[in-house]
Student: 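The structure's right below; bear with me while I get my questions together.
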Amino acid sequence: MRILRKLRLGALLRGFSLFLEDVNPLYPIIFLACLITIFFLKSSIEEEMGKLKSRQDWSTATDSIFHVGCIDTQEYLIDPVYQKQNATFIMLARNNELTDVLSTLENIESHFNQWFHYPYVFLNDEPFTEEFKREVQNLVSSESSFGILNEEQWTLTDSVELNENIQLQGDRDILYGDNPSYHKMCRFYSGWFYRHELVQQYEWYWRLEPAVEFYCDLTYDPFYEMSKSGKKYGFTVIIPELADTIPTLFRSTLSYIKENQINVGSLWKLFTLDYHLVSNLTTILDKLINYPHEIINQIEDDIAIEYLLDTGLNDNETTMLGLQKLLSRSNTKVPLEINKFSDLRYNLCHFWSNFEIAKIDVFDNEIYQNYFNYLDASGGFWQERWGDAPVHSLGLSLTLNISDIHYFRDIGYKHSTLQHCPNNVYNGELSYFATDERWQRQGKQNHYDKGIKTGSGCRCKCPDSAELEDNQSYCQDIWIDLIKDNNPNKLREPIFEYNELKSALKKDFNKKN
Ligand SMILES: Nc1nc2c(ncn2[C@@H]2O[C@H](COP(=O)(O)OP(=O)(O)O)[C@@H](O)[C@H]2O)c(=O)[nH]1
Ligand SMILES: *[C@@H]1O[C@H](CO)[C@@H](O)[C@H](O)[C@H]1NC(C)=O
Ligand SMILES: *[C@@H]1O[C@H](CO)[C@@H](O)[C@H](O)[C@H]1NC(C)=O
Ligand SMILES: *[C@@H]1O[C@H](CO)[C@@H](O)[C@H](O)[C@H]1NC(C)=O
Ligand SMILES: *[C@@H]1O[C@H](CO)[C@@H](O)[C@H](O)[C@H]1NC(C)=O
Ligand SMILES: *[C@@H]1O[C@H](CO)[C@@H](O)[C@H](O)[C@H]1NC(C)=O
Ligand SMILES: [Mg+2]
């Protein structure tokens, strides 16, 4: 065999060199150069790819993927420790969205629910048509129930003022600002969905929307895994909110916290930028220092001014420096940090709430409910266009810690224009089995993306467009940072103390002068 292979290789090479002799003596050199270029290009592409966020392993003791790659679902289901959870899908939808609803259902059944059979709750502000119910029931592998929202759950203050406000938001080009039903939807999802009688029959829910897409198979039960590991809320996408839609949401949130003396959870750190870097600052410095790079400069100026005031004005350099600093400080206006309240600012990050897997009681509790009532009374759901996503995120941070949250990094998901799709695991594929002939996959359908060593997904087929993790905002970075923390549930404390910093800087000052 080996001899045969050698012979063939020899023939091939001879053929090739004959071909080269025939043509141009430069060709072998060009050919070699090409090979070398390809080799270096390939390894540099690989190196570049390795730097991509989506190709890195983010798992920490605080949060990691429940099962990397595919697992054997049949075995998982019969394992005596496995327990099906008291859980449901929920979807708010209109009758005219039936096609998009069916597309979501097909997706979730084929990628997950054909093995787990969790029920569905559909909600609507109008009665669902018979056609809607029939088509849905024909498609899914479990029970479905259909609920209607009452007046109280689906409303905004009905007044002239309301209409003017909503029109104004349209004129300002605020996304969905001039669409009253969008405001109602956001208000419903902010404060009512978890209290609906059909939803109240469960302990867990998975929120779906019409026309969303799942790119991978989920071969384990996310409700069970969350319950087992003490997780309470799961997300797939975290992004910043459009600032124009929520001008006063954060201020209202802070008022609620103050009035009710809420001790926020450490999740608060994911959503807020803390200006309070130095404790015990004098009033004026507290106003002048907003960013880390300003700390040292401002305290040094303070020292120079104090020196001048202590020693009096004479024409040596040190007192002149103090004079200079005093003059420039007296000319300094307190910087206008319009988004800073009580030394904090909302960084606009939020879990994208069109996908949520969570426990119903993360919302169905006194603190969150009163928070919603407070926000509702303030009018922001119609005077502005508060989305349910930032309201959920800020509301959750009133009670939850970082370690209560799970990032479903292995769930490939698309809603409207944004998508997250994980890499498959290198050699981590198990063969697919359908429980219904409708979900059979043949030929191309049963071929998936090539895996990598640090992959996490199971049988993902990702679209050829930008991956959110690689094209993402600061929000994802803050998340990664926080789960790396050894003590993620601790709230942040000021890093420096004013008197300590000042006496250290004073030593330098005295040495120099
Ligand atoms: N029944 C009903 N559902 C609505 C209405 N407006 C929005 N929804 C649902 O609320 C969810 C979010 O609405 P969508 O238009 O997708 O907003 P987006 O995801 O923020 O772009 C979807 O599940 C919609 O089907 C409405 O007026 N009536
Ligand atoms: C599921 O949870 C709900 C809400 O807590 C409860 O009322 C219901 O009895 C539970 N159902 C089962 C089957 O445990
Ligand atoms: C704050 O400053 C005062 C007065 O300079 C000092 O007595 C106190 O110890 C400082 N507080 C802290 C926490 O260092
Ligand atoms: C500047 O003047 C003060 C007060 O007279 C004095 O203590 C200090 O040593 C002088 N510094 C220099 C650099 O001459
Ligand atoms: C990726 O980022 C670029 C530049 O920030 C942006 O123009 C583009 O729309 C983004 N793509 C996606 C899919 O978010
Ligand atoms: C959050 O963490 C703090 C500090 O470890 C702890 O006291 C508190 O009970 C935790 N909250 C929740 C909801 O687990
Ligand atoms: Mg949507």
Side-chain angles (χ1 to χ4, degrees), residues 62 83-101 103-105 118-119 121-129 132 143 146-149 153-156 175-177 179-190 192-205 207-212 223 227 230-233 237 239 241-242 245 262-269 350 352-356 359-362 364-365 367-368 385-390 396-405 414-418 485-491:
T62 304
Q83 276 176 321
K84 191 171 178 183
Q85 299 294 299
N86 188 356
T88 182
F89 289 103
I90 62 174
M91 195 195 307
L92 177 72
R94 290 168 276 221
N95 285 309
N96 65 13
E97 289 178 297
L98 179 58
T99 312
D100 287 344
V101 169
S103 133
T104 293
L105 295 177
Y118 278 107
V121 169
F122 295 90
L123 299 172
N124 192 348
D125 56 311
E126 291 176 353
F128 281 109
T129 60
F132 189 101
E143 293 291 305
F146 300 87
I148 309 181
L149 312 184
Q153 297 162 343
W154 192 259
T155 191
L156 299 166
L175 188 67
Y176 300 121
N179 179 346
S181 79
Y182 196 88
H183 289 253
K184 289 180 192 171
M185 182 275 287
C186 291
R187 181 178 168 276
F188 170 75
Y189 262 125
S190 294
W192 292 98
F193 84 91
Y194 51 87
R195 284 187 279 173
H196 193 280
E197 55 176 0
L198 294 180
V199 180
Q200 282 277 311
Q201 291 170 24
Y202 301 94
E203 204 185 329
W204 295 87
Y205 72 95
R207 172 168 162 186
L208 295 172
E209 279 201 9
V212 299
F223 302 113
S227 157
K231 297 284 182 184
K232 298 180 179 134
Y233 183 92
V237 170
I239 47 170
E241 179 59 298
L242 305 166
T245 63
I262 308 284
N263 292 313
V264 296
S266 72
L267 184 56
W268 185 246
K269 290 187 288 190
H350 61 283
W352 219 24
S353 61
N354 47 70
F355 171 104
E356 289 180 326
K359 262 189 115 152
I360 285 154
D361 67 8
V362 298
D364 191 13
N365 64 69
I367 292 179
Y368 184 86
R385 208 233 65 207
W386 292 354
D388 53 290
L396 290 169
S397 72
L398 302 178
T399 56
L400 297 187
N401 286 327
I402 292 288
S403 62
D404 296 324
I405 310 296
K414 174 182 181 151
H415 171 271
S416 64
T417 54
L418 293 184
D485 194 333
N486 285 329
N487 203 349
N489 291 346
K490 216 167 128 243
L491 272 161

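As the structure lists them, so they are numbered: ligands from 1, and atoms in each ligand from 1. Residues: numbered from 1 along the sequence shown.
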Student: Consider every N or O of H415 and every N or O of ligand 1, then say whether any pair is closer than 3.5 Å.
Tutor: yes
Student: What is the closest protein heavy atom to atom 13 (C) of ligand 6, and at what distance does it sit?
Tutor: T399 O, 3.3 Å
Student: Considering non-hydrogen atoms of the protein only, which is the closest contact for atom 5 (O) of ligand 2, and what is the distance?
Tutor: Y202 O, 4.4 Å
Student: Would you mind telling me if ligand 1 is within reach of the side chain of W154, the backbone, both or neither, using heavy atoms under 4.0 Å?
Tutor: side chain
Student: For ligand 1, which atoms have a heavy atom of M185 less than 4.0 angstrom away?
Tutor: 7 (C), 8 (N), 10 (O), 12 (C), 13 (O), 17 (O)
Student: For atom CG of N487, is the number of surrounding heavy atoms from other residues, nucleotides or ligands below 6.0 Å larger than 12?
Tutor: yes
Student: Is atom 7 (O) of ligand 6 near the protein, in the sense that some protein heavy atom lies at less than 4.0 Å from it?
Tutor: no
Student: Ignoring hydrogens, what is the shortest heavy-atom contact between K231 and T62? Give both atom names and the distance.
Tutor: NZ-O, 2.9 Å
Student: Which atoms of ligand 1 have any heavy atom of S181 under 4.0 Å away?
Tutor: 27 (O)
Student: Taking all non-hydrogen atoms of both residues into account, name the closest pair between L398 and I262 and its distance.
Tutor: O-CG2, 3.8 Å
Student: Over all heavy atoms of both residues, which pair between Q153 and R187 is shortest? Give the atoms and the distance, please.
Tutor: O-NH1, 3.7 Å
Student: Give a yes/no verdict on whether any heavy atom in A93 is under 4.0 Å from an atom of ligand 1.
Tutor: yes
Student: From atom 2 (O) of ligand 6, work out which of N487, L400, N401 has a heavy atom at the shortest distance.
Tutor: N401
Student: Could you check whether atom CD of Q200 has more than 12 heavy atoms from other residues, nucleotides or ligands sitting under 6.0 Å from it?
Tutor: yes
Student: Using a strict 4.0 Å cut-off to heavy atoms of E97, name the atoms of ligand 1 that fall inside it.
Tutor: 24 (C), 25 (O)
Student: Take a 6.0 Å sphere around CD of E203 and say whether it holds more than 12 heavy atoms from other residues, nucleotides or ligands.
Tutor: yes
Student: On a heavy-atom basis, which atom in G147 and which in F128 lie closest, and how many Å separate them?
Tutor: O-CE1, 3.9 Å
Student: To the nearest 0.1 Å, how far is atom 10 (C) of ligand 2 from its closest protein heavy atom, and which atom is that?
Tutor: N86 ND2, 2.4 Å
Student: How far is atom 28 (N) of ligand 1 from the closest protein heavy atom, and which atom is that?
Tutor: D125 OD1, 2.9 Å
Student: Within a distance under 4.0 Å of any heavy atom of Q201, pick out the atoms of ligand 2 and give their elements.
Tutor: 1 (C), 2 (O), 3 (C)
Student: Ignoring angles and geometry beyond distance, decide whether Q200 reaches within less than 3.5 Å of ligand 2 through its nitrogen or oxygen atoms.
Tutor: no
Student: Between F193, Y233, F89, which is the residue that forms a ring-ring contact (aromatic ring centres under 6.0 Å, His included) with Y205?
Tutor: F193
Student: Can you tell which part of N354 has a heavy atom less than 4.0 Å from ligand 1: side chain, backbone, both or neither?
Tutor: neither
Student: Quick check: closest heavy atoms across S190 and Y368, and the distance to 0.1 Å?
Tutor: O-OH, 2.6 Å
Student: Cut-off 3.5 Å, side chains only: do E209 and H415 have a donor facing an acceptor?
Tutor: yes
Student: Which option wins on minimum heavy-atom distance to atom 23 (O) of ligand 1: L208, L175, L92?
Tutor: L92
Student: Measure the shortest side-chain to side-chain distance between D388 and M185 over non-hydrogen atoms and say whether it is less than 4.5 angstrom.
Tutor: yes
Student: Given that the side chain starts at C-beta and the backbone is N, CA, C, O, which of these parts of R94 lies under 4.0 Å from ligand 1, counting heavy atoms, or is it both or neither?
Tutor: both
Student: Between I90 and V199, which heavy-atom pair has the shortest distance, and what is it?
Tutor: CG2-CG2, 4.1 Å
Student: Backbone or side chain, does any N or O of P210 fall under 3.5 Å from an N or O of ligand 1?
Tutor: no
Student: Who's the nearest protein heavy-atom neighbour of atom 4 (C) of ligand 6, and how far?
Tutor: N489 O, 3.8 Å
Student: Would you call the rings of F132 and F122 parallel, tilted or perpendicular if under 30° counts as parallel and over 60° as perpendicular?
Tutor: perpendicular
Student: For atom 16 (O) of ligand 1, what is the nearest protein heavy atom, given as residue, atom name and distance?
Tutor: E209 OE1, 3.0 Å
Student: Among Y176, W352, F128, Y182, which one puts a heavy atom closest to atom 20 (O) of ligand 1?
Tutor: Y182
